[in-house]
Amino acid sequence: MTYPHRDSMSRVAQLANVVHESWMQDWPIEVADPERLDEFVDLLNANKGDWELSFWLLDLVLESANDDLPEKTETLVETLVAVWEATEAPGIAERLEYWACLGASDPEEMFYVSPLVREVRRRIGHETR
């Protein structure tokens with residue numbers, strides 16, 4: 001897995017106005033907020049050219065959408081495709097693969113957002129098993 005520099009997570013926390021402490025093991029899970037999903041998507045769009053910020057914002061967006069997808073799923077798909085197109089960074093491809101849960105065939109084995117991420121991968125030309 002290709003990870004960005006650790007300071008990029010702190011930068012995203014500042015941009016998103018969320019807490020970031022060194023002890024937070026699963027930071028995106030701990031700060032996800034479905035009520036702020038639109039705001040997080042806007043931040044992702046605004047920073048899509050910076051793969052390190054996009055890496056963490058992608059997780060923040062998908063964690064925030066993971067329990068209940070918004071009505072505007074097409075907008076979310078388009079945003080994730082735009083992030084990939086802006087960077088084509090291996091780290092972004094790896095995060096999309098993670099969220100797609102490619103080894104799972106039963107929805108019970110996937111994230112709620114996995115079908116959406118699989119659609120993103122299809123649109124960017126990455127094979128989905």
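If you read the sequence from its start, that first residue is 1, and numbering goes on from there.
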Less than 4.5 Å apart, side chain to side chain, heavy atoms only: is that true for [X] and [Y]?
{"X": "Leu76", "Y": "Val113", "value": "no"}
{"X": "Val18", "Y": "Arg36", "value": "yes"}
{"X": "Glu52", "Y": "Met9", "value": "no"}
{"X": "Leu96", "Y": "Val83", "value": "no"}
{"X": "Leu80", "Y": "Leu62", "value": "yes"}

What distance separates [X] [atom1] from [Y] [atom2], expressed to the nearest 0.5 Å?
{"X": "Ile124", "Y": "Arg122", "atom1": "CD1", "atom2": "CZ", "value": "11.0 Å"}
{"X": "Asp42", "Y": "Leu57", "atom1": "CG", "atom2": "CG", "value": "11.0 Å"}
{"X": "Leu53", "Y": "Thr87", "atom1": "CG", "atom2": "OG1", "value": "11.0 Å"}
{"X": "Thr79", "Y": "Leu44", "atom1": "OG1", "atom2": "CG", "value": "6.5 Å"}
{"X": "Leu43", "Y": "Asp38", "atom1": "CG", "atom2": "CG", "value": "11.5 Å"}
{"X": "Leu60", "Y": "Ser54", "atom1": "CG", "atom2": "OG", "value": "12.0 Å"}

Specify the closest pair of heavy atoms between [X] and [Y], including all atoms of both residues, with the distance to one decimal.
{"X": "Ser8", "Y": "Trp56", "answer": "OG-NE1, 2.9 Å"}
{"X": "Ala93", "Y": "Trp84", "answer": "CB-CZ3, 3.7 Å"}
{"X": "Leu37", "Y": "Val61", "answer": "CD1-O, 3.4 Å"}
{"X": "Glu119", "Y": "Arg123", "answer": "OE2-NE, 2.7 Å"}
{"X": "Ser114", "Y": "Cys101", "answer": "OG-SG, 3.5 Å"}

Verify same cluster id: [X], [Y] (apolar side-chain graph, 4.5 Å):
{"X": "Tyr112", "Y": "Trp99", "value": "yes"}
{"X": "Val117", "Y": "Met110", "value": "no"}
{"X": "Tyr3", "Y": "Leu58", "value": "yes"}
{"X": "Met1", "Y": "Ile29", "value": "no"}

- Hey, can you tell me if Tyr98 and Phe111 have their rings parallel, tilted or perpendicular (30° and 60° cut-offs)?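 Taking Phe111 first and then Tyr98, their aromatic rings sit tilted (interplane angle of 30° to 60°).
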- Query: Is it the case that more than 12 heavy atoms not belonging to Glu35 sit under 6.0 Å from its CD atom?
  - Reply: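 No, CD of Glu35 has 12 or fewer neighbouring heavy atoms, counting only those of other groups under 6.0 Å.
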- Item | Residue pair Asp33, Phe40: steps toward the side chain to side chain contact (heavy atoms under 4.5 Å, CB included) verdict | CA-CA 9 Å; Asp33 184 350; Phe40 296 152; 4.2 Å; yes
- Task: Before accepting this row, confirm whether a basic side-chain N of the pair Glu78/Lys48 lies closer than 4.0 Å to the acidic partner's carboxylate O.
- Result: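 Looking at Lys48 together with Glu78, the answer is no, because their closest N to O distance does not fall below 4.0 Å.
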- Message: Closer than 3.5 angstrom, by distance alone: can the side chain of Glu94 be matched with the main-chain N or O of Thr2 as a donor-acceptor pair?
- Response: yes
